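Scroll down for the structure; my scribbles are underneath it.
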Amino acid sequence: MSEVQRSFPSHAAMDQFPVADGELVVGGMALTRLAARVGQTPFYAYDRSLLTRRVGELRAVLPSVLKLHYAMKANPMPALVCHMAGLVDGIDVASAGELKVALDAGANPRDISFAGPGKQGAELRQAVAAGILINVESFREVAELAAISAQTGNKARIAVRVNPDFELKSSGMKMGGGAKQFGVDAEQVPALLTEIGRAGLSFEGFHLFAGSQNLKPEAIVEAQSKSFDLALRLAREAPSPVRFLNLGGGFGIPYFPGEKHLDLAPIGAGLATISERAAKELPQAELVIELGRYLVGEAGIYVSRIVDRKISRGHCFLVTDGGLHHHLSASGNFGQVIRKNYPVAIGNRMAPSEREMVSVVGPLCTPLDLLADRMELAVAEAGDLVVIFQSGAYGASASPQAFLGHPACLETMV
Ligand SMILES: *Cc1c(COP(=O)(O)O)cnc(C)c1O
C-alpha cells in the first residue's frame with residue numbers, strides 16, 4: 001500500500017535493525033539464532049552498536065562543550081549501564097540501588113548526580129560518602145546533608161533541583177511547573193540557597209527537568225532556554241558561582257502511528273545559543289543535558305514466542321508467552337491515557353507473502369494484557385517470534401514481573 005492510499009497514519013520505520021533472509025537481525029545475529037543463544041523467551045535484547053551510534057549522532061549536533069548524561073532509570077541493566085558509562089559524560093541516578101550500579105559500572109563519582117523526591121537519610125549518607133552530586137529537592141534534605149557533613153567531615157556536593165515556574169509543552173509526562181513533588185519551587189529557591197550557604201555546604205549549581213517523551217523540538221528549545229534564564233536569575237542569589245547547570249532533556253522517540261523521529265537540528269542550534277550565553281554569563285558552569293529514553297529506547301526489542309493461535313468469533317488472537325508483566329508500557333498501562341500500539345512485527349517472518357489483522361495478547365488473566373490491538377501482521381503460528389520495537393527504555397524494570405507468577409524475562413546485550 002502506498003503512503004497516498006493509506007487513510008491511517010503508520011508507524012515510523014523501524015529500520016535501525018536490518019532484515020536478512022526474512023529475519024530481523026539484532027546485533028549482527030538472526031533473531032531465531034539469538035533466541036536460541038538466549039535459551040528462552042521472553043527476552044529483551046539491546047544492541048550495543050545502536051547505543052554507540054545514538055550517542056555519536058547526538059554529539060554530532062550538540063555543542064562540544066555540552067555534557068551528555070545518561071538517566072539510568074530508563075534502563076538500569078548493569079551491562080547496559082556499563083556500556084553507556086563508557087560513552088557519556090555522566091550518569092544520573094534516582095536511588096541508592098541505581099547509585100551502586102553506576103559505581104560498579106565504573107562511572108566517575110564526580111560525574112554522577114542523584115535526583116528524586118524522598119531521598120532517605122541512609123541514601124544521603126551513601127551519596128555523601130561516594131562523593132557524588134546530590135540534586136536536593138527539599139529543605140529537609142539540606143538540613144540532613146548539613147548534619148551528615150558535620151558528622152563525617154565529608155562536605156556534601158549540592159545542586160538545587162528547581163521546580164520551574166513554566167511547563168514543558170506537549171510532553172508525554174510533565175515533571176515541572178505548577179504544584180509538583182519534584183524539586184523546590186523557583187520562588188522558594190533563594191531561601192534554600194541562603195540555608196545552603198549558612199550550612200557551609202558545597203553549592204555547585206542547578207538542575208531543571210521539565211518533562212519526558214517530547215517530540216516537538218520547538219517545545220524542547222523553549223523549555224531549555226527558559227530553564228537557562230531561570231538559572232541565571234537564581235544564580236544571583238547563590239552562595240558561590242554556578243559550576244554545574246543541568247538543563248534536563250525529555251527528548252522523545254516515536255512509538256505510535258503518526259509519530260516521527262525528533263528533529264535534532266533545532267535543538268542543537270538552541271543549545272549552541274545557550275552555551276554561547278553561558279560562556280559569558282555563567283563562565284564557570286558546566287552545561288549538562290540528561291537523557292534516558294532517547295539514548296536507549298530505540299536500541300532495544302522485546303521478544304516473545306507465540307504459544308497459541310485462536311479465532312474468537314472471526315477475530316484472530318496470537319497468544320504469546322510474554323505480556324504486560326514484562327512490558328507494561330507496550331500494553332498501554334504505563335502512564336498512557338489512550339492505548340495505542342507500539343510497532344510490532346513477526347521477527348522471523350519479515351518478508352511475508354500474506355498478512356492478516358490480529359491481536360497479540362499475553363498469558364495473563366486480564367484483558368489489559370494486550371501487546372497489539374487489531375494490527376496487520378505477517379500470518380503467524382505457534383512457535384513464531386513476536387518482536388516489540390522501541391523497547392529499550394522503561395521495559396523490564398518498569399513492569400510488574402511478579403504479577404500472576406510467570407517467570408521473569410531475561411535481558412541480554414548483543
Ligand atoms: C526520568 C528522568 C529523566 C529521564 O527521562 P527520559 O524521558 O527517559 O529521557 C531525566 N531526568 C530526571 C530527573 C528524570 O526523573
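The basis for the numbers below is simple: all heavy atoms, side chains too, and nothing from hydrogens, waters or symmetry mates. Positions are given from 1, in the same order as the sequence printed here. Since the structure is predicted, the reported quantities are computational estimates derived from the model, not experimental observations. Whatever order the structure lists ligands and atoms in, that order sets their numbers, starting from 1.
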To the nearest 0.1 Å, how far is [atom] from its closest protein heavy atom, and which atom is that?
atom	result
atom 8 (O) of ligand 1	Tyr394 OH, 2.6 Å
atom 7 (O) of ligand 1	Ser212 OG, 2.5 Å
atom 2 (C) of ligand 1	Lys73 NZ, 2.4 Å
atom 11 (N) of ligand 1	Glu290 OE2, 2.9 Å
atom 9 (O) of ligand 1	Gly292 N, 2.8 Å
atom 10 (C) of ligand 1	Phe209 CE1, 3.2 Å

Practice prompt. With heavy atoms of His207 as the reference, note each atom of ligand 1 found under 4.0 Å away.
Written response: 13 (C)
Salt-bridged, [X] to [Y], with N to O below 4.0 Å?
X	Y	answer
Lys280	Glu276	no
Lys119	Glu137	yes
Arg110	Glu286	yes
Arg54	Asp47	no

Worksheet item: Name the one of Tyr46, Phe43, Tyr44 that satisfies ring-ring contact (aromatic ring centres under 6.0 Å, His included) with Tyr302?
Response: Tyr44
Practice prompt. Could I get the full list of side-chain contact (heavy atoms from CB on, under 4.5 Å) partners for Ser113, not counting sequence neighbours?
Written response: His69, Asp92, Leu133, Asn135
Discussion item. Parallel, tilted or perpendicular, judged at 30° and 60°: which one describes the rings of His327 and Tyr342?
Written reply: perpendicular
Response to the item:
So for Ala71 against ligand 1, with non-hydrogen atoms under 4.0 Å, the contacting part is side chain
Worksheet item: Counting heavy atoms only, which part of Phe251 comes closer than 4.0 Å to ligand 1: side chain, backbone, both or neither?
Response: neither
